[in-house]
Novice: 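Questions regarding the structure given below will be posed in turn.
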Amino acid sequence: MAEKSRPSTLSVYLYVPNIIGYVRILMNCYAFAICFKDKYLFSLLYFVSFVCDALDGWFARKLNQVSTFGAVLDMVTDRISTACLLVVLSQVYRPGLTFLSLLALDIASHWLQMYSTFLEGKSSHKDVKDSSSWLFKLYYRNRKFMGYCCVSCEVLYIILFLLANNQTENLIEVLLNVSTRNWLYNTLLPLSLGGWAIKQLINIIQMKTAADACILYDIAKKQ
Amino acid sequence: MAKKPRPSTLSVYLYVPNIIGYVRILMNCYAFAICFKNKYLFSLLYFVSFVCDALDGWFARKLNQVSTFGAVLDMVTDRISTACLLVVLSQVYRPGLIFLSLLALDIASHWLQMYSTFLVGKSSHKDVKDSSSWLFKLYYRNRKFMGYCCVSCEVLYIILFLLANNLTENLIEVLSNVSTRNWLYLTLLPLSLVGWAIKQLVNIIQMKTAADACILYDIAKKQ
């Protein structure tokens with residue numbers, strides 16, 4: 001009886017969307033290994049990995065290979081790739097504390113949100129029914145808006161990485177001088193800054209909501 | 001009726017162990033802000049924050065102020081402070097990829113472990129009843145051993161930070177030259193290296209075990 005689960009475990013590891021997940025991880029490893037040698041190749045690989053992130057969800061539904069393991073693999077890969085990109089940015093820009101703080105906010109908000117999602121028994125942290133803030137509701141009920149904000153963060157970080165020429169750029173200087181760059185940066189940067197700002201605001205609100213949920217969980221448990 | 005939980009939420013935020021948690025966060029923020037200006041003050045603050053980590057658990061039990069929020073606050077603060085220390089080490093040492101990889105392993109293993117703990121319904125990821133590896137069992141059943149491994153990681157990272165004089169040290173060089181340093185480094189370094197190695201090995205095993213748990217959860221749900 002216990003032997004029956006064994007082949008099933010391996011078969012889930014070999015699901016197509018999960019294999020796409022492993023490819024994403026290898027692509028990210030290679031990308032970060034060469035990020036200082038070839039900025040543009042790094043950005044391309046990072047972008048392709050981002051596209052695969054959407055692809056594997058599509059494959060999972062198409063091939064009926066949706067799995068909890070796949071969802072966790074996706075989540076962890078996202079968190080780590082964003083974290084590594086922020087680490088690289090903290091090395092390239094002064095003050096590096098800015099990106100260290102963004103890393104802390106990213107980890108804290110996603111961790112707290114996942115924890116409280118589990119406590120409340122929701123199936124996904126993206127399903128939010130009761131939330132106080134209008135911005136929160138807008139964010140979670142409109143998948144396109146949510147997508148715009150998430151993609152904006154990644155686009156902003158990649159743009160900042162591409163804009164940096166030396167090893168210790170002053171962040172304010174680079175942002176002010178972007179008008180001297182080509183039109184692509186000139187349009188993408190403000191657009192992504194807007195989405196990024198909303199996402200960080202959401203992250204902060206999420207931390208408070210999740211903390212409240214932890215406390216309410218204890219109260220409910222006592223009753 | 002709905003108004004009653006409101007004062008309770010604030011009172012939990014003001015629990016003594018949670019206030020210690022906020023102090024830990026502020027201490028860490030200040031420590032990382034000055035880490036390059038004063039290495040020894042940074043190490044002292046980091047160490048004090050680590051001691052507070054044990055203290056707030058003790059206070060929580062003594063004052064009957066144990067809370068889920070407090071546990072999550074602790075966990076998130078630990079993860080972020082270790083992450084920031086690894087980021088700093090990746091800036092100071094070449095190859096920086098080593099510490100980036102350790103950061104990825106730390107995030108991935110703790111994230112997967114927490115996720116699977118919730119799926120399997122254990123109360124804390126530190127309560128592991130069924131686990132295949134003997135090392136795994138040894139690690140989780142002996143709290144002192146677990147403590148030694150966790151403390152070793154932090155001690156090793158702090159020592160590596162203190163040993164670095166310039167901003168781009170070669171990791172192998174520094175480790176080989178430690179015999180020329182004082183006896184304190186000479187004894188602490190090998191001791192902490194062993195505990196660190198065991199902890200990283202346990203992290204890797206944890207990832208596999210947690211991934212299996214995610215798959216078995218799906219299988220159990222279908223039945």
Side-chain angles (χ1 to χ4, degrees), chain A residues 4-5 8-13 25 28-29 32-33 36 66-73 75-77 79-81 83-84 86-88 90-91 95-97 99-101 103-112 114-119 207 210-221, chain B residues 4-5 8-13 25 28-29 32-33 36 66-73 75-77 79-81 83-84 86-88 90-91 95-97 99-101 103-112 114-119 207 210-221:
Chain A
K4 263 201 171 164
S5 329
S8 301
T9 313
L10 184 64
S11 65
V12 175
Y13 283 126
I25 293 174
N28 273 303
C29 289
F32 280 101
F36 288 118
V66 178
S67 62
T68 304
F69 168 68
V72 181
L73 184 68
M75 212 186 303
V76 172
T77 308
R79 292 279 63 69
I80 294 179
S81 60
C84 289
L86 285 170
V87 170
V88 166
S90 79
Q91 289 186 17
L97 263 186
F99 294 103
L100 214 62
S101 310
L103 173 64
L105 179 58
D106 188 82
I107 293 177
S109 63
H110 281 93
W111 198 278
L112 268 159
M114 178 176 63
Y115 212 94
S116 72
T117 301
F118 271 118
L119 290 181
M207 279 174 29
D212 281 343
C214 291
I215 295 177
L216 295 172
Y217 168 79
D218 280 344
I219 292 173
K221 226 173 43 164
Chain B
K4 260 196 175 170
S8 301
T9 313
L10 183 63
S11 66
V12 174
Y13 283 125
I25 293 173
N28 273 304
C29 288
F32 280 101
F36 288 117
V66 177
S67 61
T68 303
F69 168 68
V72 181
L73 184 68
M75 210 186 304
V76 172
T77 309
R79 292 279 62 67
I80 294 178
S81 60
C84 289
L86 286 170
V87 171
V88 166
S90 80
Q91 290 186 17
L97 262 186
F99 295 104
L100 214 61
S101 309
L103 174 63
L105 179 58
D106 188 82
I107 293 177
S109 64
H110 282 93
W111 197 278
L112 268 159
M114 176 176 64
Y115 212 94
S116 72
T117 300
F118 272 117
L119 290 181
M207 277 173 33
D212 281 344
C214 290
I215 295 176
L216 294 173
Y217 169 79
D218 280 343
I219 292 173
K221 226 173 42 164

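Lettering follows sequence order; numbering is per chain, from 1.
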Novice: So which part of B/A83 gets closer than 4.5 Å to some heavy atom of chain A, the side chain, the backbone, both or neither?
Specialist: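 For B/A83, side-chain heavy atoms alone lie under 4.5 Å from chain A.
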
Novice: For chain A, find which of B/L112, B/I107, B/V76, B/V72 contributes the most heavy-atom pairs closer than 4.5 angstrom.
Specialist: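 Of the candidates given, the most pairs with chain A belong to B/V72.
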
Novice: Counting only non-hydrogen atoms closer than 4.5 Å, does B/F69 touch chain A with its backbone (N, CA, C, O), its side chain (CB onward), both, or neither?
Specialist: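 Backbone plus side chain of B/F69, per the 4.5 Å heavy-atom cut-off to chain A.
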
Novice: Tell me, side chain or backbone of B/A33 under 4.5 Å from chain A's heavy atoms, or both, or neither?
Specialist: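 For B/A33, backbone and side chain are both near chain A.
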
Novice: Tell me, please, which residues at least two apart from A/F99 pass ring pair (Phe, Tyr, Trp, His ring centres under 6.0 Å).
Specialist: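 Result, ring pair (Phe, Tyr, Trp, His ring centres under 6.0 Å) vs A/F99: A/Y93.
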
Novice: Could you report the tightest heavy-atom contact between A/I215 and B/T9, atom names first, then the distance?
Specialist: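 In terms of heavy atoms, the two residues are closest at CD1-O, 3.7 Å.
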
Novice: Are the side chain of B/D218 and the backbone N or O of A/T68 linked by a donor-acceptor pair below 3.5 Å?
Specialist: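 Answer holds: yes.
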
Novice: Provide the closest heavy-atom pair for B/A108 versus B/M207 in the form atom of the first, atom of the second, distance.
Specialist: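 Heavy atoms only, the tightest pair is CB-SD, 3.9 Å.
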
Novice: Pick from B/Y217, B/F32, B/Y13: which one has the most heavy-atom pairs with chain A under 4.5 Å?
Specialist: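 When all of B/Y217, B/F32, B/Y13 are compared, B/Y13 has the most.
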
Novice: So, using side chain to side chain donor-acceptor pair (under 3.5 Å) as the criterion, who are the partners of A/S90 when residues are at least two apart?
Specialist: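 Here the qualifying residues are B/Q91.
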
